[in-house]
Amino acid sequence: MRQDKIMNSTNPITAAELPGTAQAMVSVDAAWVHDQMPLGTDRDALRQAVVDHFTRTLGRDIDYAAAHYLYKAVALSVRDRMMERWLATRQAVESSVPRHTCYLSMEFLMGRALRNAVHNLNLQDELGASLEELGLTLEKTEQLETDAGLGNGGLGRLAACFLDSCASLALPVTGYGLRYRYGMFRQSIDKGFQVERPDNWLSEGHVWELERPELSCRVHFGGRVELIRALDGSVIHRWVDTDDVRAVPFDVPVPGYDNGIVNTLRLWNSTATDEFNLSEFNAGGYTEAVAAKNAAENITMVLYPNDASENGKVLRLRQQYFLVSASLQDALRIWLLQNDDFVGFADAHCFQLNDTHPSLAVPELMRLLIDEHKLSWDESWSITTRVMAYTNHTLLPEALECWSLGMIGALLPRPMEIIEEINKRFLEEVSEAMPGQLQQHAEMSIISFDAQPVVRMAHLAIVGSFSINGVAALHSKLLKEGLFANFNALWPTRFNNKTNGVTQRRWLAYCNPGMTSLLNDTLGLNWISHLDQLEELIPLADDESFQKQWVDVKRQNKQALSQLVAERTGIKVDTDMLFDVQVKRMHEYKRQLLCTLHAVHVYLDLLDGRDHAPRFVLIAGKAAPGYYMAKSIIKLINNVADVINKDKRTADRLKLVFLPDYNVSAMEVICPAADLSEQVSTAGKEASGTGNMKFMMNGAVTIGTLDGANVEILDAVGSENFFQFGLTVDDVDAARKGYTPSAIIAADSRLQRLFEAFDSGMFDAGESELIRHVIDAARSPGDAWLTVADLPDYLDAQELVEMSWRDVPGWTRKSILNTANSARFSTDRTMRDYNQDIWRLQSIELPVGG
Ligand code: 26Q
């Protein structure tokens, strides 16, 4: 039966494409597969496992022990101890849970996996001891792992945190993404400029993935649609003459925290199909065949390094459709293993779309159900709109994805027809519900009414989804009132908020071992799964001995960060300084410029003989390679840093560093060490932010605008423990009209001095034009980010920060209260919210003894 179903699935892969597997399935008696003794987890068993993998699996000799192979042997030993649980979880999810969520995302920014796996499986003590017997340390071994950087920033890391929390809550959620051969580029700094290098993260192999060629499927591109009349008189659409690409899944285990669950992240790799090559070979076109193979394999070659949409690149569209088609085929295949029709499919599934990037899931599910499984339009639409849910991550109009009709039509002719039909029916519905409101109809249409029409991916996602959510309370409100107001008027119940979070396992427990042991001593061992218990720290906020321990932990963490900074930049910083940190993607709206201008202000003050609390300003982040202004801002920061760091007069008072190559692993060192968290975006621009939550959890105090989740952080900690400044969303709208930065500068001697310093060429370092370009943009009445408008208030707030910082018990109290009130920013809470309102999943029950 099983075998039958596999071979009759939507796009059968021929036996030739499945080396060995088709035959194997016929004869295997499954019983022995489960008849295994669990592997030992004591130090002797672990030591033996590491040695065995080192010598037997990897065939290495300790004399030539490249560090990398030691890491591999350890990782394989840990992976072995996940395998049975992984199988058991997969079987439970595929066969016995009534409902399952597929999280569709173009990005999963997982970072390193070893430390997380070791701790979630509770192996750290025994494994650590066994490695010490071998003369190694667990910590050093963990650092040998390359980051899995399959994401740009917030959206990709959010997906990774979601997976961790779902596994830890035993929620049946599978991540579906792409296995990019090259992840987020590596950043180096050359003479102050960003230089991008390819991230060849798979070059030494990836221990955590399991290739599953037996589950491959086929994705169509190009070709044309043929209409044929069926026997019953109905018209059938056949997508023919397509160029097919093979999608091969690579599974990555996602271990839950101390609960025996191992969920799956399924990443698709593109390869050529065999018969594609064959037909070319037969025509004698050997080189063409190889070229075609190349085109197919290119699809998952590289992650697009833009965190705002890059419009119009056909390869990106191919990637999106490839993800969506392969993932939906996979879900349908699994369903048909146990079911003969699609009755009940909608009740058993939810597809959560991580932004609009996978919104082709709407027409693709329609296509699969109608064309491949012969359901009617109405049956298919009923299923589709009961399973799709869309999360929006941006309000920036320029970041809303649109694709030209021509491009989709050429690459995906059959899905394009379906989009047109969805839109036609949608516009009919709108005309009935909102008669006469022609302006609204045009605004809401999935396909724009322009001369060069485009498909608005957000509208496609909204029309096809039963749930549409923003990622912070303010953001969700602005979606309903602004960007999607028309849709909210039509379908108010579809809109909801799900405030983002971060996993406290990676972002507190594992990255901040000093704080973890202090919390273990203070709260017991349950706080990791019950983060609300952090509130028990509130009464200790003024406790002298607790404060002392708190400060000690922070100092050690600052030591570790200083070391990283020294390694990467050569700059030495004193751990007594206020560690003032802004790390995130480089963007004008995030206003790294504001932090830099403040550093210059402090510098000029010091030169003028005014005193300031010693401060270390750390900025890090990648700029999209084509984003000229963001790259210029990096250069400006480096120029300013050079001047400040070379000046002996201010050396004990101020340091400014741009740390190259910011990534997940860097943040694991940075966030435990921060005193001050910079969250200074123009109000209304940052959908949520999640770095803000990591800093708060680790006891940093925020200086921030009323934007994104800052609003909720302020609400959680109270205004005494948060430095709020700047225009609100309403102010921003008002301030744009008649905005004259020159008048604001003229009215404030601090600002005058600042801009005069830049005009004097003090920070030019031979790049006067570039520096002027950045500074003039901030001084222009057209500056959309209102940097100068917020600058006076920001400088005032920073003065308050300094005053508070000088009062050590007062500051420590704020720091403790930030951690104490951070529980609501756990993705455990976020996932419970998604589950309660959108997914409605039951938790996975593993068989006893599993
Ligand atoms: C789209 C089309 C073509 C090429 C690239 C893209 C693309 C890729 C990534 C567009 C956007 C992104 C990433 C967006 C992102 O990270 N947004 C952030 O999401 C976080 C999680 O919700 C929020 O906290 C941040 O506020 C938001 O900026």
Side-chain angles (χ1 to χ4, degrees), residues 103 105-109 149-162 177-178 180 183-185 302-321 323 352-360 390-403 407 454-458 461 469-476 478-479 497-503 583-591 621-622 624-627 664 679-695 704-705 707-713 825 827 830 834:
Y103 195 81
S105 176
M106 290 287 284
E107 308 192 1
F108 286 91
L109 188 41
L150 306 185
N152 273 282
L155 166 148
R157 184 54 231 177
L158 184 76
C161 285
F162 280 10
L178 296 182
Y180 300 107
M184 187 61 197
F185 67 82
V302 62
L303 167 77
Y304 274 86
N306 312 287
D307 65 344
S309 76
E310 168 153 341
N311 279 322
K313 292 282 193 295
V314 69
L315 178 58
R316 170 77 181 183
L317 188 62
R318 285 167 77 88
Q319 289 183 337
Q320 294 185 349
Y321 181 68
L323 165 69
Q352 189 72 42
L353 309 180
N354 199 18
D355 216 304
T356 52
H357 316 156
S359 50
L360 288 171
Y390 156 54
T391 305
N392 172 285
H393 296 265
T394 187
L395 286 158
L396 299 181
E398 63 270 31
L400 292 176
E401 256 191 304
C402 293
W403 293 99
M407 187 181 286
V454 294
V455 177
R456 298 167 172 146
M457 301 306 264
N469 75 281
V471 290
L474 174 67
H475 170 234
S476 299
L478 294 173
L479 282 181
N497 173 246
K498 293 288 166 284
T499 298
N500 281 169
V502 302
T503 165
V583 294
K584 45 183 84 246
R585 287 302 291 263
M586 300 298 299
H587 252 289
E588 288 163 279
Y589 83 80
K590 295 180 189 275
R591 297 197 298 194
K622 291 174 183 173
Y627 189 171
V664 170
Q679 307 300 336
V680 301
S681 52
T682 314
K685 298 296 175 192
E686 189 70 272
S688 162
T690 46
N692 48 3
M693 302 170 182
K694 294 164 198 165
F695 284 116
T705 49
D707 198 15
N710 295 353
V711 176
E712 289 156 83
I713 290 177
F825 302 106
T827 34
T830 312
Y834 272 83

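Remember, predicted model here, so these are calculated numbers, not experimental data. Every number for a ligand or one of its atoms is a count from 1 in the order of the listing.
Around atom 24 (O) of ligand 1, the closest heavy atom drawn from Gly154, Gly689, Ala399, Ala709 belongs to Gly689. Closest to atom 25 (C) of ligand 1 by heavy atom, among Lys498, His393, Glu686, is Glu686. Relative to atom 21 (C) of ligand 1, the option among Asp707, Val471, Thr391, Asn500 with the closest non-hydrogen atom is Asn500.
Closest to atom 12 (C) of ligand 1, if we only count protein heavy atoms, is Asp307 O, 3.4 Å. In this structure, atom 10 (C) of ligand 1 lies nearest to the protein heavy atom His357 NE2, 3.4 Å. For atom 6 (C) of ligand 1, the closest non-hydrogen atom of the protein is Arg316 NH2, 3.5 Å.
Annotation: Gly153 places no N or O atom under 3.5 Å from an N or O atom of ligand 1; distance criterion only. Some N or O of Ser688 is nearer than 3.5 Å to an N or O of ligand 1, by distance alone.
When all heavy atoms of Ser476 and Lys498 are compared, the closest pair comes out as OG-N, 4.4 Å. Of all non-hydrogen atoms in Leu303 and Met184, the two that sit nearest each other are CD2-N, 3.6 Å. Taking every heavy atom of both residues into account, Ala709 and Ala472 meet most closely at N-CB, 3.9 Å.
With a 4.0 Å heavy-atom cut-off, ligand 1 is reached by the side chain of Tyr589 but not by its N, CA, C or O. At a 4.0 Å heavy-atom cut-off, ligand 1 does not touch Met106 at all. By the criterion of a heavy-atom distance under 4.0 Å, the side chain of Glu107, and not its backbone, is placed next to ligand 1. Heavy atoms of Leu155 found under 4.0 angstrom from ligand 1 belong to the backbone as well as the side chain. The proximity of Ala308 to ligand 1, defined as any non-hydrogen pair under 4.0 Å, is limited to the backbone.
Residues Lys584 and Gln679 have side chains that bring a donor and an acceptor to within less than 3.5 angstrom of each other. Judged by distance alone, the side chains of Asn469 and Asn392 never bring a donor and an acceptor atom under 3.5 Å apart. Donor-acceptor pairing under 3.5 Å is recorded for the side chains of Asn497 and Thr499. Under the 3.5 Å distance criterion, with hydrogens and angles disregarded, no donor-acceptor pair is assigned to the side chains of Asn354 and Tyr390. Side chains of Ser681 and Asp707: a donor on one and an acceptor on the other come within 3.5 Å. At a cut-off of 3.5 Å, with distance as the only test, no side-chain donor of Thr690 or Asn500 sits close to an acceptor on the other residue.
Distances below 4.0 Å separate heavy atoms of Ala687 from the following atoms of ligand 1: 26 (O).
For the ligand labelled ligand 1, residue Asn306 lies inside the 4.0 Å heavy-atom shell.
The distance from atom OG of Ser105 to atom CD of Gln352, rounded to the nearest 0.5 Å, is 10.5 Å.
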